[in-house]
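Values in this document were obtained by computation on a predicted structure and should not be read as measured data. Throughout, residue positions are numbered sequentially from 1 according to the sequence presented. Any value given below was found using the heavy atoms of this structure, including those in side chains, with hydrogens, waters and symmetry copies removed.
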Amino acid sequence: MTLHIFNPENDLALACPSPHFIPPASARQMADDLSALPVWWAMRGDAVCVASVKEARRWAEEAGGICPEVRWVGRDGLPSDADVDPWGWSPLMVQRLLTGGADRSRLPDEARLARYRELSNRRHAVDMLAYLCDPDLDLGQKWRDRLCGVSYYCTGEQEIIRRMRQYPETLLKAPWSGSGKGLRWCRRGLTKSTADWCRRELVNHGALILEPIYKKEGDFAMEFYSNGRGKVLFSGYSHFITDEKGVYRGNMLVSNEEVEQWILRYIPLEAFVCIRGYLQKVIEGIYGRYYSGPMGIDMMICPDQRGYPYAIYPHVEINVRMTMGMVARQLYDNFVAPGSKGIFNVDNFPSAEALRTQHEQDMRDYPLVVEEGRIVSGYLALVPVTPQSRYRAYVRVEVC
């Protein structure tokens, strides 16, 4: 049996890797409200840790008859004989599991946790971008020209100032952060507030990532699974949406083939296949023997000025954990009826009353239709909406 846990504060916990780190209230609320989300990728008979067993059971009985059968467990009664599969690993996650009664021998030790944190550092995205754009790489000049982007791992304030003079609009990133946090959008040069932020981040983490701000046609990701024994397997595509600050705003629920056809509107098939193959080979060498679990690489399609209309920016983020893109892939492949497509999203509201009002309105506007265990059309909340909820995860599906 596997115990699944949704801990969306994972990236924040990696930025501050103390086992006693206290996530902000918003992250704790999100973890509570969406705690049942792993049921959609759990196997029948697995366990899912939730904030309220009573609410989870009630919701599962009312969720259109498609919710997988799992064992719901509270945080103070974790099964000690289960293999644990959280959203992501951090010292905080291990400490919580030990407090809840988990078996220490089934959890990562300090050395493994340190390795996971190092592999989650954005420095790897910088290094992999430089590698793929290396003129000595046998990628073929024709296909290399279908890649774009530069990114710098800056370890000092003077290097940041020099790069910002080179590029009029830049994006600064902390080595670890999540959900659009740890990002600084600099469209008017190095202001005092940004300079102060840079100094704090350099003191805390020793470096910042700097890259030009790129215009983009859209976001997508390649999802992978690393077996920890040297093999990384391709798991599918994710076509997602972000806002102007880089915050995740949802996934398209469509087939892998449809995402690929969208990408091929901008990039020739031969170039895309070549780039994907080299990318998989590179991450296999870095992650394959040192990490076991899902991972996703976020990318962009960008306008290009070097002779081709568009190019791929191949390493926006490398997420060494479960991802929303992988969730969307599982939802479409396992729970959406053939001939239908839709959206998957996580959103939040200023109050529980506002969420409840929108939830009830969506149920009226998009009545759920399920056939043979798959959603044909309509709205479905993927987690319980309780009197305390301010976050929800949902799908809205329609017939193509």
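By the 6.0 Å and 45° rule, Lys216 does not stack over the aromatic ring of Tyr214. Geometric assessment of Arg249 against the ring of Phe240 yields a negative cation-pi assignment under the 6.0 Å and 45° thresholds.
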Exercise for review: Test Arg122 against Glu317 for salt bridge (Lys or Arg N to Asp or Glu O under 4.0 Å), laying out the working first.
Suggested key: CA-CA 7 Å; Arg122 284 190 168 112; Glu317 299 285 350; 2.9 Å; yes
Exercise for review: Under the salt bridge (Lys or Arg N to Asp or Glu O under 4.0 Å) rule, what do Asp196 and Arg200 come out as? Steps first, then yes or no, please.
Suggested key: CA-CA 6 Å; Asp196 292 342; Arg200 290 194 298 271; 5.4 Å; no
Practice item. With salt bridge (Lys or Arg N to Asp or Glu O under 4.0 Å) as the test, would you mind laying out the steps for Arg115 and Glu110 before giving the verdict? Key: CA-CA 9 Å; Arg115 181 178 296 157; Glu110 290 186 6; over 6 Å; no
Review point. What's the verdict on salt bridge (Lys or Arg N to Asp or Glu O under 4.0 Å) for Asp46 and Arg71, showing C-alpha distance, side-chain angles and the deciding distance?
Key: CA-CA 6 Å; Asp46 283 352; Arg71 176 184 171 189; over 6 Å; no
Exercise for review: Check step by step if side chain to side chain contact (heavy atoms under 4.5 Å, CB included) holds for Tyr394 and Ile343.
Suggested key: CA-CA 8 Å; Tyr394 69 92; Ile343 61 168; 4.3 Å; yes
Check your understanding: Phe224 and Ile283: side chain to side chain contact (heavy atoms under 4.5 Å, CB included), yes or no, with the steps?
Key -> CA-CA 9 Å; Phe224 297 92; Ile283 62 173; 3.6 Å; yes
Exercise for review: Could you walk me through whether Cys186 and Leu171 pass side chain to side chain contact (heavy atoms under 4.5 Å, CB included), step by step?
Suggested key: CA-CA 6 Å; Cys186 306; Leu171 173 61; over 6 Å; no
Exercise for review: List the steps and the verdict of side chain to side chain contact (heavy atoms under 4.5 Å, CB included) for Met128 and Ile318.
Suggested key: CA-CA 10 Å; Met128 290 171 67; Ile318 303 174; 3.3 Å; yes
Practice item. For Tyr379 and His359, run ring pair (Phe, Tyr, Trp, His ring centres under 6.0 Å): C-alpha distance rounded to whole Å, both residues' side-chain angles, the deciding distance at 0.1 Å, then the answer. Key: CA-CA 9 Å; Tyr379 161 84; His359 170 64; 5.6 Å; yes
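The stretch residues 364-374 participates, sequence neighbours left out, in these side chain to side chain donor-acceptor pair (under 3.5 Å) pairs: Gln361-Arg364, Gln361-Asp365. Within the structure, every pair that satisfies the side chain to side chain donor-acceptor pair (under 3.5 Å) test and touches residues 54-64, not counting sequence neighbours, is listed here: Glu55-Arg58, Arg58-Glu62. Listed by first and then second residue, the side chain to side chain donor-acceptor pair (under 3.5 Å) pairs involving residues 223-232 are Glu223-Thr323 (not counting sequence neighbours).
Between the side chain of Asn7 and the backbone N or O of Gly88, at least one donor-acceptor pair lies under 3.5 Å. For Gln330 (side chain) and Ala42 (main-chain N/O), no donor-acceptor pair under 3.5 Å exists by modelled atom type. With hydrogens and angles ignored, the 3.5 Å screen pairs a side-chain donor or acceptor of Arg390 with a backbone N or O of Pro350. Judged by distance alone, the side chain of Thr386 and the main-chain N or O of Gln388 form a donor-acceptor pair under 3.5 Å. Judged by distance alone, the side chain of Ser120 and the main-chain N or O of Tyr116 form a donor-acceptor pair under 3.5 Å. Of the possible polar contacts, one joining the Asp103 side chain to the Ser105 backbone as a donor-acceptor pair under 3.5 Å is found. Side-chain atoms of Thr194 never come within 3.5 Å of backbone atoms of Leu190 as a donor-acceptor pair (strictly under, hydrogens ignored).
Under the 4.5 Å side-chain contact rule for hydrophobic residues, Ile66 and Val397 share a cluster. Tracing side-chain contacts under 4.5 Å through hydrophobic residues (I, L, V, M, F, W, Y), one never reaches Leu129 starting from Met295; they form parts of separate clusters. Linking ILVMFWY side-chain heavy atoms closer than 4.5 Å, directly or via other members, places Leu233 and Val259 in two distinct hydrophobic clusters. The cluster map of Ile, Leu, Val, Met, Phe, Trp and Tyr, joined by side-chain heavy atoms under 4.5 Å apart, puts Tyr313 and Ile209 in different clusters. The same ILVMFWY cluster, assembled from side-chain heavy atoms under 4.5 Å apart, contains both Tyr287 and Phe234.
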Which pairs would a plain distance check flag for residues 150-161, meaning a side-chain donor or acceptor within less than 3.5 Å of a matching protein atom at least two apart in sequence or in another chain?
from   : atom 1 : to     : atom 2 : distance (Å)
Ser151 : OG     : Glu211 : OE1    : 3.4
Tyr152 : OH     : Tyr167 : OH     : 2.8
Glu157 : OE1    : Arg199 : NE     : 3.4
Glu157 : OE2    : Arg199 : NE     : 3.3
Glu157 : OE2    : Arg199 : NH2    : 3.2
Glu159 : OE1    : Thr155 : N      : 3.2

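Comment: Asp83 engages Arg106 in a salt bridge, judged by a side-chain N to carboxylate O separation of less than 4.0 angstrom. Arg146 has no carboxylate O lying under 4.0 Å from a charged side-chain N of Asp304, or vice versa, which leaves the two without a salt bridge. Salt bridge status for Arg329 with Asp333: present, with a side-chain N to carboxylate O gap under 4.0 Å. A salt bridge does not link Asp362 to Arg396: none of the charged side-chain nitrogens sits closer than 4.0 Å to a carboxylate oxygen. Note on Arg123 versus Glu118: salt bridge recorded, some NZ/NE/NH1/NH2 to OD/OE distance being below 4.0 Å. Between Arg117 and Asp11, none of the side-chain N atoms (NZ, or NE/NH1/NH2) sits under 4.0 Å from a carboxylate O, so this pair counts as no salt bridge.
The two atoms that bring Pro91 and Ser18 nearest to each other are CB-C, 4.3 Å, heavy atoms only. Nearest heavy-atom pair, Cys49 versus Leu3, reported as atom, atom and distance to 0.1 Å: N-CD1, 4.0 Å. In terms of heavy atoms, Asp33 sits closest to Val383 at O-CG2, 3.6 Å. The minimum heavy-atom distance linking Trp87 with Arg321 is given by the pair O-CB, 3.1 Å.
Here Val369 sits in one hydrophobic cluster together with Val376, Val399; the rule is ILVMFWY side chains under 4.5 Å apart, joined directly or through other members. Grouping Ile, Leu, Val, Met, Phe, Trp and Tyr by side-chain contacts under 4.5 Å, direct or through others, puts Val385 with Phe349, Leu355.
The only member of Glu257, Glu258, Arg276 that meets side chain to side chain donor-acceptor pair (under 3.5 Å) when paired with Tyr237 is Arg276.
Residue Arg163 places its CZ atom among more than 12 non-hydrogen atoms of other residues, nucleotides or ligands, all under 6.0 Å distant. Remark: Arg28 CZ is packed, more than 12 non-hydrogen atoms of other residues, nucleotides or ligands lying under 6.0 Å away. Within a 6.0 Å radius of CD1 in Ile22, no more than 12 heavy atoms belonging to other residues, nucleotides or ligands are found. With a 6.0 Å radius and a threshold of 12 heavy atoms from other residues, nucleotides or ligands, Met43 has its CE atom at or below the threshold.
Taking the six-membered ring where tryptophan is involved, the planes of Tyr310 and Tyr266 are perpendicular, since the angle between them exceeds 60° and thus also 30°. Using a 30° and 60° split on the angle between ring planes, Phe220 and Trp262 fall in the perpendicular class, above 60°.
Leu382 places a side-chain heavy atom less than 4.5 Å from the side chain of Val395. Leu279 is listed as a side-chain neighbour of Met222, based on a closest heavy-atom distance under 4.5 Å. With a 4.5 Å cut-off on side-chain heavy atoms, Phe6 and Pro8 count as touching.
For the atom pair Met164 CE and Glu169 CD, the distance stands at 10.5 Å (nearest 0.5 Å). Interatomic distance, CG of Asn251 versus CG of Leu331, reported as 9.0 Å (0.5 Å rounding).
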